[in-house]
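Predicted, not measured: the structure shown is a model, and the values here were computed from it.
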Amino acid sequence: MKITLHATPDITPRPLIAEVILETGALLNIDRADVKPKGGEVVIDVPPNECERVVAAFKKRGATITALEQPLIKDDDECVNCGACISVCPTGVISFREDWSVQMDLDKCVQCGACVTMCPHGALTVLKS
C-alpha cells in the first residue's frame with residue numbers, strides 16, 4: 001500500500017522515516033520525494049500487513065499521513081489510446097493491452113504527473129492526497 005507523508009517545516013529536519021523503520025521493523029520503500037526545508041511530501045510503499053502500525057508510528061511523531069488509494073484517473077471518453085503516456089511513466093503504470101488499448105496498474109503509481117503532462121487529450125488527472 002502507498003501512503004503520502006506530508007512533511008512540514010517542524011518535522012523535515014528529523015530522521016522521521018528512519019525512526020519509524022527502527023520502531024516498527026517494517027521495510028519501507030520511498031517511491032517519490034519532494035521535500036525542502038519549508039516542507040513537501042514523500043510517497044512511501046508500505047507492506048500491507050504493516051500499514052496500520054507504520055501510519056500510527058508516523059502520526060505519533062506529528063506527521064500527517066494519507067492513503068494513496070487512487071492516484072490517477074483516466075477519462076475513457078477523452079483517451080484515444082495513443083500511448084503517449086506510456087513512454088514517460090517512470091514506474092510502468094501504463095501499458096498497452098493486446099488490443100492496443102491503454103491499461104493502468106495503479107498500485108505502481110507515485111503521482112509524478114509525467115503522464116498528465118504528456119497526454120495530448122487531457123485524459124489523465126493526478127489526484128493529490
(message) Between Thr117 (side chain only) and Gly113 (backbone N and O only), is there a donor and an acceptor less than 3.5 Å apart?
(response)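 A pair under 3.5 Å: yes.
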
Reported [atom1]-to-[atom2] distance for the pair [X] and [Y], which is rounded to 0.5 angstrom:
X      : Y      : atom1 : atom2 : value
Cys119 : Lys74  : SG    : NZ    : 10.0 Å
Ser87  : Met118 : OG    : CE    : 5.5 Å
Asp34  : Glu41  : CG    : CD    : 7.0 Å
Ile3   : Thr66  : CD1   : OG1   : 8.5 Å
Thr125 : Ile73  : OG1   : CD1   : 7.0 Å
Ile44  : Lys2   : CD1   : NZ    : 11.0 Å

[X] to [Y] - nearest heavy-atom pair and separation:
X     : Y     : value
Thr24 : Ala57 : CG2-CB, 3.9 Å
Val88 : Ala84 : CG2-O, 4.1 Å
Ala63 : Leu5  : CB-CD1, 3.4 Å

(message) Between Arg53 and Glu23, does any side-chain N to carboxylate O distance fall below 4.0 Å?
(response)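 A salt bridge is absent here (no side-chain N lies under 4.0 Å from a carboxylate O).
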
Can you find a heavy atom in the side chain of [X] that is under 4.5 Å from one in the side chain of [Y]?
X     : Y     : value
Val35 : Val42 : yes
Met1  : Glu50 : no
Arg61 : Ile11 : no
Asp31 : Asn29 : yes

Is it possible for you to say whether [X] and [Y] belong to one hydrophobic cluster, with membership spreading through side-chain heavy-atom contacts below 4.5 Å?
X      : Y      : result
Val20  : Val43  : no
Leu68  : Ile30  : no
Val110 : Met104 : no
Trp100 : Leu124 : yes

(request) Please write out which residues are connected to Leu22 in a hydrophobic cluster, directly or through intermediates, given that two of Ile, Leu, Val, Met, Phe, Trp, Tyr count as joined at side-chain heavy-atom separations below 4.5 angstrom. (result)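 In the cluster with Leu22 there is nothing else; it is isolated.
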
(message) Just checking Glu52: does its CD atom have more than 12 heavy atoms from other residues, nucleotides or ligands closer to it than 6.0 angstrom?
(response)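 For Glu52, atom CD is not crowded (no more than 12 foreign heavy atoms under 6.0 Å).
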
For residues 90-97, which side-chain N or O atoms pair as donor and acceptor with protein atoms under 3.5 Å away, sequence neighbours left out?
{"residue": "Thr91", "atom": "OG1", "partner": "Lys108", "partner atom": "O", "Å": "3.1"}
{"residue": "Ser95", "atom": "OG", "partner": "Gln103", "partner atom": "NE2", "Å": "3.2"}
{"residue": "Arg97", "atom": "NH1", "partner": "Ser101", "partner atom": "OG", "Å": "3.1"}
{"residue": "Arg97", "atom": "NH1", "partner": "Val102", "partner atom": "O", "Å": "3.2"}

